[in-house]
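Everything on this sheet refers to the single structure shown next.
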Amino acid sequence: MMKLPAMTLREWDGPLTADLVREPARFGLGQVPAHLLPDAATKAVCGFCSTGCGLKVHLKDGAAVNLTPDPDYPVNIGTACPKGWEALSVLDAPDRARMPLLHGKEVDWDTALKYFCDQMRAVLDKHGPEAAAFISTGQIMFEEMAFLGALTKFGLGMIHGDGNTRQCMATAVTAYKESFGFDAPPFTYADFEESDVLVFIGANPCIAHPIMWQRVLRNKRNPQIIVVDPRATETAMAATQHYAIKPKSDLALLYGIAHLIIRDGGVDTSFVEEHTTGFDEFEKFLADYHPARVSEETGISVHRLVHFAQTIIHGTLRVSFWWTMGVNQGHQATRTAQAIINLALMTGNIGKPGTGANSITGQCNAMGSRLFSNTTNLLGGHDFRNPRHREKVAAATGIPVQRIPDRPSLAYDQILKAADEGTVKALWFVATNPSHSWIDQNEINRILDKLDFIVVQDMYCSTETAKRAHLVLPAAGWGEKDGCFINSERRIGYSPKVRRAPGQALADFHIFRLIAHYWGCEDLFRAWSTPEAVFRVLQRCTEGQPCDISGIAGHEMVQKSSGVQWPLSKDDAAKFKATTWKERRLFEDGKFYTPDKRAKFVFEAPQAIPEQRSTEYPLVLITGRGTSAQWHTETRTGKSAVLAKMIPQELMLDLHPNDAAPLGIREGMPVRVISKRAELTAKARLTTCVRPGEVFLPMHDPRVNQLTHASFDPHSRQPSYKHSAVRVEK
Ligand SMILES: Nc1nc2c(c(=O)[nH]1)N[C@H]1C(S)=C(S)[C@@H](COP(=O)(O)OP(=O)(O)OC[C@H]3O[C@@H](n4cnc5c(=O)[nH]c(N)nc54)[C@H](O)[C@@H]3O)O[C@H]1N2
Ligand SMILES: Nc1nc2c(c(=O)[nH]1)N[C@H]1C(S)=C(S)[C@@H](COP(=O)(O)OP(=O)(O)OC[C@H]3O[C@@H](n4cnc5c(=O)[nH]c(N)nc54)[C@H](O)[C@@H]3O)O[C@H]1N2
Ligand code: SF4
Ligand SMILES: [Mo]
């Protein structure tokens, strides 16, 4: 691989200021020696978060030497966050998986693939189709993801397989399906710029989606920005109104706001009558959510509740609602997401510029995984249980219909439970690191250690999960293979291969093709020869669905049009050509995807928090993203010298001074954080950004999920990562 030029940010060992990162040339850095000047550039979308920024990758002799944000891409308009800037350098890490590893020893691909097939076949033959499962991701291309789901279920004959999107997006999926009739985030990023009021609930875009936040900063309407978050985050500090609610009291808050909107005559009655069902029942239900009760339950004064409601009341203002993990990760997450949807519906804030009930996704391909992972939905947002859907997908893919299972997969936590009970014997993890990221980590690791066969397919051989695997399959990463991601605003973006993977690492796509061959089911996948060929197969699967993409003329059109938002049916294609649609939102005609075309008000009384504070564990532990330079379990971002300068060197516990004082804890002291399940040591950071009685830890440290309490939303089965009881000691 080409070495990066001298005098880059990587060699700079002084402090990294924002100015320096933005304009390295001003500081004499970032200049590229002549012999390394690129001779060409190609366009790619970033492979970290769901913002889906466009990057220009500069090539020398056909291989990537550097990258810059793409000024013409409609998502990021020439900006990128630190992770995007560093996307190439993390590919060179010494712990890249270069060869297959069998029980820790390097073997050739032939040995590895034979072993994979022998072990999987033994498990499935002896214990039946439910005994092996895969756990996938929102971080590989959707053509690869679809191949994995199709290979395992139609080829290998598995029933179960879920994704780490369960940790992340399952709640939004479940909420949208029930309320709108399809998993359909309605917005486009232009809505950030076109709102008069933006309401962020359980979202910290300054850290987690900094380039979306850049779009908010471009809003010229002098917007009100409301943030609902127990913590005074970077986003809350930039807001005009911050509601620091008691953790997990969002449902009461949102019902309380709905109550006040009705009381004060702020309902868009014509929208509600023409386009929704269930409002009358909702109104009756809300009678109990009077401000005094809601104030008590949320910790927000009556006066401020009224102010909140007045800000979003139906009138001439455009209000958009945005939510992320503070909502999706909770014990009543689905109903909370739907309470946000209800507010948008009752104030008529949907289908118009600057409005919407908008779930922001997490990983680069979270949306692609929702449509095409073949886990809980059959390819293209279909239902495994529906015989007509199975026939349709069989016809579109050329797979015999009897090979398509007639039921969806168990959810992630149910697969693990089955593994604990001994009915699941083998697990195949692709592009996810649950030994670090799954809730109540000691428990998952205990279960993994019981399994007969664990396969991990990853870019790095050193991940916590890879260390537990019997077989590690070395995978190419972003930039080393091609295919498409779908971002938060439903934009399909293309990412090309711009360099070779190290050693014998292969694109996930090629690993799946090889497994099909070694298994002896390659005939089923004759048409699945390249990512683009799979794109074509998937297009056929979506025909007639809300996510219809049959009008896209292949990868080239995706790349040349700066991405294409779904839907784009064959009928839409002509319009797209004529107008070069850049930004589109859903529901402009007020028609939803339910059978009666109306959106549904869904609601339910709040439930008690599963793990309450107690005298022994008097503090609530909140977890989430730490900095914009850290990505999840840090397998990738942890390898960048530039990013390393932007993050705390030790694990920091955010603790309120009022809680610290009686414990004799001062700034910077090492402290023990103890839950019922485990304990860890961190450095105390005394701050009023957390409320008294609450502490915060970033999820990036491998020990944090040892503390978390495993509870799940009953509808989405998404883990509730953000509420566990702990105590802190000196
Ligand atoms: N730098 C960076 N960016 C990322 C990622 C990353 O790892 N690093 N990951 C990506 C992924 S996959 C995702 S899903 C997104 C996540 O993006 P976000 O959801 O924005 O990030 P989090 O920090 O997990 O959680 C958001 C906020 O929820 C708040 N919160 C906790 N409990 C509650 C509650 O009960 N109510 C409310 N209202 N708020 C609460 C937390 O205090 C936190 O500030 O980020 C994406 N972007
Ligand atoms: N306490 C707490 N825990 C959390 C959360 C929280 O807020 N709090 N958030 C949750 C959320 S929202 C999420 S999304 C999860 C994320 O959890 P994970 O998905 O487990 O985290 P990552 O570190 O992104 O793991 C992705 C893995 O895929 C590998 N990889 C990257 N690209 C490729 C590729 O192209 N091919 C292959 N084969 N491998 C690749 C990486 O090296 C890495 O090991 O964490 C969840 N865990
Ligand atoms: S905001 Fe997300 S998509 Fe954009 S550069 Fe950063 S990590 Fe990549
Ligand atoms: Mo996520």
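Whatever order the structure lists ligands and atoms in, that order sets their numbers, starting from 1.
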Notebook entry, point to check: Taking the minimum heavy-atom distance to atom 47 (N) of ligand 2, which of Gly47, Ser437, Pro474 ranks first?
Noted result: Ser437
Notebook entry, point to check: Measuring from the heavy atoms of Met169, does anything fall under 4.0 Å of ligand 1?
Noted result: no
Checklist line | Region of Ile207 engaging ligand 1 - heavy atom pairs below 4.0 Å | finding: backbone
Checklist line | Considering all heavy atoms, the nearest Ala172-Asp183 contact | finding: O-OD1, 4.4 Å
Margin query: Quick check on contacts: which atoms of ligand 3 are under 4.0 angstrom from a heavy atom of Phe48?
Written below: 7 (S)
Margin query: Any nitrogen or oxygen of Val228, side chain or backbone, less than 3.5 Å from one on ligand 1?
Written below: yes
Notebook entry, point to check: Side chain, backbone, both or neither: which part of His723 comes within less than 4.0 Å of ligand 1 when only heavy atoms are counted?
Noted result: neither
Checklist line | Mutual orientation of the aromatic rings belonging to Phe147 and Phe509 [parallel < 30°, tilted 30-60°, perpendicular > 60°] | finding: perpendicular
Next item on the list: List every atom of ligand 3 that sits less than 4.0 Å from any heavy atom of Gly52, numbering the atoms from 1 in the order shown and giving each element.
Entry: 3 (S)
Next item on the list: Examine the proximity of ligand 1 to Asp250 and report which part, side chain or backbone, both or neither, has a heavy atom under 4.0 Å away.
Entry: side chain
Notebook entry, point to check: Does Arg218 make a cation-pi contact with Phe192 (under 6.0 Å, within 45 degrees of the axis)?
Noted result: no
Check: What's the shortest distance from atom 36 (N) of ligand 2 to any protein heavy atom, and which residue and atom give it?
Finding: Asp508 OD2, 2.7 Å
Check: Is the Trp322 ring parallel, tilted or perpendicular to the Phe187 ring (thresholds 30°, 60°)?
Finding: perpendicular
Notebook entry, point to check: Centre of Tyr460's six-membered ring, under 6.0 Å away, within 45 degrees of the axis: is that where NZ or CZ of Lys639 sits?
Noted result: yes
Item checked: 2.8 Å cut-off met by an N, O or S atom of Cys81 to atom 8 (Fe) of ligand 3 -> no
Next item on the list: Between Gln329 and ligand 1, find which residue part has any heavy-atom pair under 4.0 Å and reply side chain, backbone, both or neither.
Entry: neither
Notebook entry, point to check: Does ligand 1 have an atom that lies less than 4.0 angstrom from a heavy atom of Met699?
Noted result: no
Checklist line | Nearest neighbour of atom 28 (O) of ligand 2 from the list Ala431, Gly326, Cys49, on a heavy-atom basis | finding: Ala431
Next item on the list: Determine, considering heavy atoms only, which of His632, Arg625, Lys639 sits nearest to atom 11 (C) of ligand 2.
Entry: Arg625
Item checked: Exercise: identify the closest heavy-atom pair between Asn705 and His436 -> ND2-O, 3.1 Å
Margin query: Whether Lys248 and Glu297 form a salt bridge (side-chain N of Lys/Arg under 4.0 Å from carboxylate O of Asp/Glu) is what I want to check.
Written below: no
Check: Side chain, backbone, both or neither: which part of Thr635 comes within less than 4.0 Å of ligand 2 when only heavy atoms are counted?
Finding: side chain
Next item on the list: Examine ligand 2 and decide if any of its atoms is less than 4.0 Å from a heavy atom belonging to Lys481.
Entry: yes
Notebook entry, point to check: Is atom 4 (Fe) of ligand 3 less than 2.8 Å from an N/O/S atom of Cys49, whether that atom is in the backbone or a side chain?
Noted result: no
Note to self: When you compare ligand 1 with Asn204, is there at least one nitrogen or oxygen pair between them that comes in under 3.5 angstrom?
What the structure shows: yes
Next item on the list: Within a distance under 4.0 Å of any heavy atom of Ala475, pick out the atoms of ligand 2 and give their elements.
Entry: 36 (N), 37 (C), 38 (N)
Note to self: Test of understanding: given a 4.0 Å heavy-atom threshold, classify the contact between Thr233 and ligand 1 as side chain, backbone, both, or neither.
What the structure shows: side chain
Note to self: Quick check: Gly362 and ligand 1, any N/O pair under 3.5 Å apart?
What the structure shows: no
Item checked: Ring centers of Phe485, Phe142 separated by less than 6.0 Å -> no
Note to self: Go through it in stages, so that I can follow the logic: the residues are Gln139 and Gln363, the test is side-chain hydrogen bond (donor to acceptor under 3.5 Å, both in side chains), and I'd like the CA-CA distance, side-chain angles, deciding distance and then a yes or no.
What the structure shows: CA-CA 6 Å; Gln139 297 182 64; Gln363 308 164 81; 2.8 Å; yes
Note to self: Just by distance, no angles: are the side chains of Asn328 and Thr171 close enough, under 3.5 Å, to form a donor-acceptor pair?
What the structure shows: no
Next item on the list: Could you see which bit of Ala208 sits under 4.0 Å from ligand 1, with heavy atoms only: side chain, backbone, both or neither?
Entry: both
Next item on the list: Quick one: look at Met459 and ligand 2, take heavy-atom pairs under 4.0 Å, and tell me if it's side chain, backbone, both or neither.
Entry: both
Notebook entry, point to check: Taking non-hydrogen atoms only, is Pro719 closer than 4.0 angstrom to ligand 2 via side chain, backbone, both or neither?
Noted result: neither
Margin query: So that I can tick it off, tell me whether Asp70 and Lys43 are bridged by a salt bridge, with the cut-off set at under 4.0 angstrom between side-chain N and carboxylate O.
Written below: yes
Check: Hey, are Asp92 and Arg499 close enough for a salt bridge, meaning a charged N less than 4.0 Å from a carboxylate O?
Finding: yes
Checklist line | Element-labelled atoms of ligand 2 that are located less than 4.0 Å from some non-hydrogen atom of Asn705 | finding: 1 (N), 2 (C), 3 (N)
Notebook entry, point to check: Which ligand 1 atoms are under 4.0 Å away from a heavy-atom of Gln630?
Noted result: 1 (N), 2 (C), 6 (C), 7 (O), 8 (N)
Check: Under 4.0 Å from ligand 2, counting heavy atoms only, is it the side chain of Thr463, its backbone, both or neither?
Finding: side chain
Notebook entry, point to check: Which atoms of ligand 2 sit under 4.0 Å from any heavy atom of Asp458?
Noted result: 27 (C), 28 (O), 29 (C), 38 (N), 39 (N), 41 (C), 42 (O), 43 (C), 44 (O)
Notebook entry, point to check: Under 4.0 angstrom from ligand 2, any heavy atom of Trp631?
Noted result: yes
Check: For ligand 2, does Asn433 get within less than 4.0 Å through its side chain, its backbone, both, or neither, judged by non-hydrogen atoms?
Finding: both
Margin query: Please work out, at 4.0 Å between heavy atoms, whether the side chain, the backbone, both, or neither of Thr627 comes within that distance of ligand 1.
Written below: backbone
